[in-house]
Amino acid sequence: MTEDRTPAVAENPEAIGGDEEPQQFKGRKNGLYSEVSDELAASMKSGWADTELHGLAPVPQAPYAAERRAALSAAHPGVRLVVPAGTLKFRSNDTDYGFRAASEYVHLTGDRTEDGVLVAEPTGATGHDFALYLLPRSDRENGEFWLDGYGELWVGRRHSLTEQEQLLGLPVRDVRKAADELADRAADGVPTRIVRGYDAGLEAALADVLDAGKDAEFKEFLSGLRLVKDEWEIGELRAACTATVNGFTDCVRELGQAVATSERWIEGTFWRRARVEGNDVGYGSICAAGAHATTLHWVRNDGEVRPGELLLLDAGVETETLYTADVTRTLPINGRFDELQRKIYNAVYDAQEAGIAAVKPGARFRDFHDASQRVLAERLLAWGLLDASVYDVEKVLELGLQRRWTLHGTGHMLGLDVHDCAHSRTEEHVDALLVPGMVLTVEPGLYFQQDDLTVPEEYRGIGVRIEDDILVTADGNENLSAGLPRRAEDVEAWMASFNQG
């Protein structure tokens with residue numbers, strides 16, 4: 001990493017800007033340059049080629065985003081709507097976390113850059129004019145492009161506003177004027193809604209006209225708008241699953257290095273694939289070996305990887321357009337399940353099979369969960385972990401007694417977020433019927449904690465989860481992550497194939 005992102009001038013830099021209003025760009029307190037000479041400033045203003053791009057084709061999701069905006073407009077007549085992308089988040093000193101745009105914003109625009117904001121102005125009783133506010137290219141005349149730590153010589157070229165209009169199919173304006181323009185319009189009495197939590201400056205500018213309850217309803221609507229995926233989104237989720245299969249393959253191929261190091265080798269191996277084939281991982285990878293597999297969201301990934309134990313790998317590649325896979329496999333580190341591991345694994349596999357079979361149009365969203373839990377409850381009774389002389393399976397499910405070892409729900413919606421549509425209306429989501437175009441995970445598990453005295457000692461420290469990404473189709477479902485083996489014998493054969501020759 002270079003020395004810092006605001007290096008060119010000191011605490012009280014010389015103003016630059018010629019006849020325009022002087023511009024000052026604050027540098028690092030202990031930076032090595034204290035001033036910019038007139039000669040250097042003049043040199044940096046000239047001698048640069050015109051790099052404006054012309055005739056750009058719209059991004060593939062542009063027509064789909066336009067349809068989503070039309071649905072948004074139809075549902076909110078006469079209301080001003082503000083959907084921010086979000087801003088950079090401070091990490092430490094002069095560094096920021098990597099930026100990831102808000103899912104609501106990405107879904108409606110196709111843009112993924114920081115500081116952007118989509119504004120829908122009502123055109124009367126019905127209809128809206130949409131405009132996108134984005135950062136323009138950094139100014140070469142006033143020195144911003146090389147003196148500002150967020151200038152283009154430091155963080156890379158941005159598209160011009162004209163280029164963005166071609167790419168996204170929307171009017172594009174300078175985002176540095178957005179807060180003031182919105183604040184001025186706020187006095188006109190038009191009801192205004194904003195997606196909260198992403199841009200404090202915009203929320204402050206509109207504070208006098210916002211209603212927290214109405215804003216929550218707005219977020220709820222936008223979350224529900226993502227429940228059914230269009231054909232382009234399904235294509236992105238297919239790509240995410242394909243890349244994820246490749247990432248799991250990498251991890252199995254490199255299990256020997258993980259045994260020699262730690263779970264972090266697996267984490268790094270999968271992350272490399274995510275960065276090569278996509279934008280990033282869609283969530284923190286769970287690389288849980290041994291007893292760590294009984295911790296649902298084990299993301300420390302600092303434990304040993306020991307032959308004879310199981311590895312629970314829960315990971316997903318996020319595409320460049322920010323759609324993520326979410327897949328889990330539980331693997332025998334030495335390549336073969338022992339008898340007890342196989343018994344537990346097969347119970348989870350059978351539960352997942354029952355859950356996947358329940359995913360079809362017209363079924364209740366909860367049906368796949370109920371089907372999976374029933375299988376696991378039956379096995380827990382058969383193994384004597386629940387007392388069959390006291391409880392039958394119906395009573396176990398009624399009381400939720402199986403949850404001591406199954407712990408979590410059996411799946412969730414998937415898309416731009418790993419837990420997609422999380423803010424949607426309950427009656428449209430978990431209390432609704434499945435329809436074609438929905439994508440969800442089916443991921444039952446069994447987890448026997450190391451300190452659980454209610455199970456035989458040999459069970460303790462074993463955790464198994466199997467998870468796949470399932471598309472609801474017109475006549476049933478499709479497993480988008482079927483490229484990874486699931487049956488115990490197929491998993492063993494797949495792992496063995498990397499050790500041949």
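Below, each value reflects all heavy atoms present in this structure, side chains not excepted, and no hydrogens, waters or symmetry copies. Each residue takes its place number in the sequence, starting with 1. Every value quoted in this text rests on a predicted model; they were computed, and no experiment measured them.
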Quiz prompt | By side chain to side chain donor-acceptor pair (under 3.5 Å) - contacts of R137 (at least two apart) | solution = T51, E152

Practice problem: Go through D468 and S481 one step at a time and tell me if the side-chain hydrogen bond (donor to acceptor under 3.5 Å, both in side chains) criterion holds. | Solution: CA-CA 6 Å; D468 285 274; S481 49; 2.7 Å; yes

Exercise. For H429, enumerate each residue passing the ring-ring contact (aromatic ring centres under 6.0 Å, His included) test, keeping only those at least two apart in sequence or located in another chain.
Key: F365

Quiz item: With a 3.5 Å cut-off and no angle check, do the side chains of H128 and S73 form a donor-acceptor pair?
Solution: yes

Self-check item: E217: side chain to side chain donor-acceptor pair (under 3.5 Å) partners, not counting sequence neighbours
Solution: none

Quiz prompt | Donor-acceptor side-chain pairing of T244 and N246 below 3.5 angstrom | solution = no

Exercise. Please collect all salt bridge (charged side-chain N to carboxylate O under 4.0 Å, His left out) contacts where either partner lies in residues 240-262, sequence neighbours excluded, each pair once.
Key: D250-R253, D250-R273, E254-R272

Practice problem: Under the side chain to side chain donor-acceptor pair (under 3.5 Å) rule, collect the residues that match up with R185, sequence neighbours excluded. | Solution: E121, Y133, E181

Quiz item: Considering residues at least two apart in sequence or located in another chain, which fulfil the side-chain contact (heavy atoms from CB on, under 4.5 Å) criterion with A432?
Solution: none

Practice problem: Could you list all the salt bridge (charged side-chain N to carboxylate O under 4.0 Å, His left out) pairs where at least one residue sits in residues 289-299, not counting sequence neighbours? | Solution: none

Practice problem: Using only heavy-atom distances, determine whether the side chains of T441 and D326 contain a donor-acceptor pair under 3.5 Å. | Solution: no

Quiz item: Going by atom types only, do T162 and S160 share a side-chain donor-acceptor pair under 3.5 Å?
Solution: no

Practice problem: List for me each residue that meets ring-ring contact (aromatic ring centres under 6.0 Å, His included) alongside F221, sequence neighbours excluded, and say none if there are none. | Solution: H76

Practice problem: Can you sort out the partners of Y64 under side chain to side chain donor-acceptor pair (under 3.5 Å), two or more places apart, ordered by chain and number? | Solution: E231

Exercise. Examine distances only and state if a side-chain atom of R173 and a backbone atom of A131 form a donor-acceptor pair shorter than 3.5 Å.
Key: no

Side chains of residues 203-213: which donor-acceptor pairs under 3.5 Å do they make with residues two or more places apart or in other chains?
residue, atom, partner, partner atom, Å
E203, OE2, G197, N, 2.7
D211, OD1, G213, N, 2.9
D211, OD1, K214, N, 2.9

Exercise. Provide the full list of salt bridge (charged side-chain N to carboxylate O under 4.0 Å, His left out) pairs with a residue in residues 234-244, sequence neighbours left out, each pair given once.
Key: R238-E478

Self-check item: Geometric class of the H412/H419 ring pair [parallel <30°, tilted 30-60°, perpendicular >60°]
Solution: perpendicular

Quiz item: Do T109 and R112 meet the criterion of a side-chain donor-acceptor pair at a distance under 3.5 Å?
Solution: no

Practice problem: Just grab all the salt bridge (charged side-chain N to carboxylate O under 4.0 Å, His left out) pairs involving residues 294-304, residues at least two apart or on different chains. | Solution: E304-R306

